[in-house]
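FYI, the numbering just counts along the sequence from 1. Remember, it's 1-based here, ligands and their atoms both numbered in the order they're listed.
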Amino acid sequence: MADSAQAQKLVYLVTGGCGFLGEHVVRMLLQQEPQLRELRIFDLHLGPWLEELKTGPVQVTAIQGDVTQAHEVAAAVAGAHVVIHTAGLVDVFGKTSPETIHEVNVQGTRNVIEACVQTGTRFLVYTSSMEVVGPNIKGQPFYRGNENTPYEAVHRHPYPCSKALAEQLVLEANGRKVLGGLPLVTCALRPTGIYGEGHQIMRDFYHQGLRLGGRLFRAIPASVEHGRVYVGNVAWMHVLVARELEHRAALMGGQVYFCYDNSPYKSYEDFNMEFLGPCGLRLVGTRPLLPYWLLLFLAALNVLLQWLLRPLLLYAPLLNPYTLAMANTTFTVSTDKARRHFGYEPLFSWEESRTRTIRWVQAVEGSAR
Ligand SMILES: NC(=O)c1ccc[n+]([C@@H]2O[C@H](COP(=O)([O-])OP(=O)(O)OC[C@H]3O[C@@H](n4cnc5c(N)ncnc54)[C@H](O)[C@@H]3O)[C@@H](O)[C@H]2O)c1
Ligand SMILES: C[C@@H](CO)CCC[C@@H](C)[C@H]1CC[C@H]2[C@@H]3[C@H](O)C=C4C[C@@H](O)CC[C@]4(C)[C@H]3CC[C@]12C
């Protein structure tokens with residue numbers, strides 16, 4: 001008893017803890033981090049599921065707050081040993097203005113860093129994205145690359161621009177003196193496209209398929225590989241990094257790590273069919289049904305429609321020139337840096353990740369009826 005009380009000494013803060021990834025990080029910490037005494041969950045919108053966590057042995061503190069408000073962030077960070085900063089605006093569909101994306105993703109991250117410095121928190125893990133690397137505006141392939149693969153990382157879209165800037169801030173903050181004089185230790189995790197329970201875009205594709213009579217139409221060549229990683233494994237990487245940063249500060253501080261697991265290399269659409277297929281959807285065509293120039297035209301038309309309709313309603317379809325370029329450019333990762341630096345092995349096999357995701361889509365199906 002005394003032993004476990006002694007072991008449970010750390011206070012963690014997860015920003016964005018009610019999002020798709022954030023919820024998995026929160027649950028993973030509660031399951032896998034024996035040193036946890038208090039878990040603070042900071043989010044703009046708090047989920048009702050947090051209530052069920054409050055009955056366990058770890059103190060769970062839900063904080064409704066906005067990362068763009070420096071004083072709210074500082075109050076949440078004060079006294080935390082580790083901050084996992086996953087909060088962000090993930091928008092590649094034109095739902096939010098570029099200014100808001102910048103404010104949340106860049107200024108929000110700056111606020112988190114400054115809060116750590118001012119209040120004496122020493123360990124900061126940032127959820128970055130594969131998009132800080134690519135695909136770039138030239139659409140050059142990144143084929144099974146690693147953290148050292150040369151690639152021209154040039155962006156124009158507000159979301160990757162904001163993630164790249166925020167990541168740079170986090171990495172540059174490594175080594176800054178925090179209150180008390182000790183150095184801040186930071187690192188960034190770069191997931192590829194995350195999938196798993198709670199994935200909104202998978203839900204959107206599923207509903208689109210139902211509307212189209214159980215069919216989806218191939219738009220992307222099957223040969224274009226798109227990197228994907230299971231949300232449970234991304235969460236597990238966050239937990240491991242957070243745990244190991246203190247012990248391996250010299251090695252891990254200021255580093256970036258792609259998030260990876262044993263999910264197969266496939267095109268975006270073929271990969272989604274691994275889950276949507278067993279739920280009754282069919283991908284029509286072995287080749288794209290429309291020529292690329294026509295898809296590009298439709299994508300551009302969607303941008304025009306979005307602009308024209310903006311005064312009346314928010315029109316934000318999945319297809320736009322940016323998402324088309326993303327889906328149509330090979331970007332896959334093959335690395336073992338996380339294993340070498342902090343002993344990461346995926347917690348969930350591909351089979352388990354697949355089964356869990358299928359079960360979740362089936363539950364979505366049940367609730368859609
Ligand atoms: N989903 C992916 O495929 C993917 C891939 C790579 C990286 N990421 C990164 O992972 C992180 C989480 O992404 P996600 O897919 O879980 O997105 P999400 O939208 O599900 O979660 C983001 C969370 O941040 C919160 N948030 C947004 N603005 C906030 C603000 N101003 N203050 C406080 N909280 C705020 C939201 O309420 C939400 O709960 C993001 O930083 C994203 O860039 C996601
Ligand atoms: C042309 C359509 C025909 O079916 C397919 C459009 C698919 C797109 C909506 C998605 C293709 C690639 C996705 C992105 C990628 O997986 C990585 C991301 C990084 C992350 O930081 C946020 C999410 C995303 C941008 C993800 C969003 C959806 C796609 C563009």
Side-chain angles (χ1 to χ4, degrees), residues 14-26 41-47 63-69 72-73 76 84-93 95-96 100-101 103-105 107-109 111-112 126-135 157 159-160 162-164 166-167 188-196 198-202 204-205 208-209 212 216-220 224 226-231 234-235 238 258-259 267-273 283 285 288-290 292 295-296 298-299 302 316-329 331-332:
V14 180
T15 71
C18 293
F20 165 45
L21 172 61
E23 177 175 346
H24 285 268
V25 172
V26 161
I41 299 157
F42 181 96
D43 204 298
L44 205 50
H45 308 288
L46 296 177
I63 307 167
Q64 198 267 323
D66 185 342
V67 288
T68 68
Q69 302 304 310
E72 294 182 9
V73 178
I84 300 180
H85 177 41
T86 78
L89 253 181
V90 184
D91 182 14
V92 291
F93 305 110
K95 294 181 185 169
T96 355
T100 309
I101 293 177
E103 186 66 12
V104 173
N105 292 354
Q107 187 56 41
T109 301
N111 290 341
V112 170
Y126 175 60
T127 313
S128 181
S129 167
M130 72 185 233
E131 285 206 68
V132 307
V133 181
H157 192 279
Y159 174 73
S162 71
K163 294 300 285 186
E167 183 189 273
L189 293 180
R190 295 172 171 172
T192 52
I194 308 174
Y195 69 92
H199 186 208
Q200 182 57 43
I201 301 175
M202 185 80 75
D204 293 345
F205 273 107
Q208 193 177 75
L212 294 170
L216 287 165
F217 298 96
R218 188 185 292 277
I220 306 297
V224 177
H226 188 84
R228 304 293 286 271
V229 58
Y230 177 61
V231 66
V234 180
H238 281 70
F258 277 121
C259 296
S267 77
Y268 190 79
E269 293 171 324
D270 284 307
F271 191 84
N272 283 355
M273 289 314 291
L283 183 63
L289 294 184
L290 299 178
Y292 184 70
L295 273 175
L296 202 53
L298 293 174
N302 276 340
L318 290 171
L319 180 68
N320 65 46
Y322 182 73
T323 59
L324 180 60
M326 286 278 306
N328 213 37
T329 307
F331 196 102
T332 44

Between ligand 1 and [X], can you find any atom pair, the residue atom being a heavy atom, that is separated by under 4.0 Å?
X	value
C18	yes
S128	yes
D66	yes
Y195	no
T192	yes

Check each of [options] against [atom] and report the one with the nearest heavy atom.
atom	options	result
atom 32 (N) of ligand 1	L44, T15, L46, V67	V67
atom 24 (O) of ligand 1	G65, G88, G227	G88
atom 13 (C) of ligand 2	F271, Y268, Y195, F93	Y268
atom 3 (O) of ligand 1	I194, V229, V92, T109	I194

Taking atom 41 (O) of ligand 1 as the reference point, the nearest protein heavy atom with its distance: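 It is K163 NZ, 2.8 Å.
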Nearest-contact summary for atom 4 (O) of ligand 2 - protein heavy atom, Å: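 It is E269 OE2, 2.9 Å.
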Quick one: does [X]'s side chain have a donor or acceptor within less than 3.5 Å of a partner on [Y]'s backbone?
X	Y	value
T68	E103	no
N105	S162	no
D204	P317	no
N111	V67	yes
T86	T127	no

Could you list the atoms of ligand 1 found under 4.0 angstrom from a heavy atom of [X]?
X	answer
V90	13 (O), 17 (O), 40 (C), 42 (C), 43 (O)
V104	28 (N), 31 (N)
T86	11 (C), 12 (C), 40 (C), 41 (O)
D43	23 (C), 25 (C), 34 (N), 36 (C), 37 (O), 38 (C), 39 (O)

Atom pair [atom1]/[atom2] of [X] and [Y] - distance to nearest 0.5 Å:
X	Y	atom1	atom2	answer
M326	H226	CE	NE2	5.0 Å
F42	C18	CZ	SG	11.0 Å
Q64	D43	CD	CG	8.5 Å

Any N/O pair [X]/ligand 1 closer than 3.5 Å:
X	answer
P191	no
G19	yes
S129	no

Parallel, tilted or perpendicular, as decided by the 30° and 60° cut-offs, for the rings of Y126 and H85: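 If you compare the ring of H85 with that of Y126, the planes turn out tilted.
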Side chain, backbone, both or neither: the part of T127 lying under 4.0 Å from ligand 1 by heavy atom: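 For T127, the contact with ligand 1 is made by both the backbone and the side chain.
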Side chain, backbone, both or neither: the part of L21 lying under 4.0 Å from ligand 1 by heavy atom: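 Contact part for L21 vs ligand 1: both backbone and side chain.
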Within-shell test, Y322 vs ligand 2, heavy atom, strictly < 4.0 Å: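 Outside the 4.0 Å threshold, so no.
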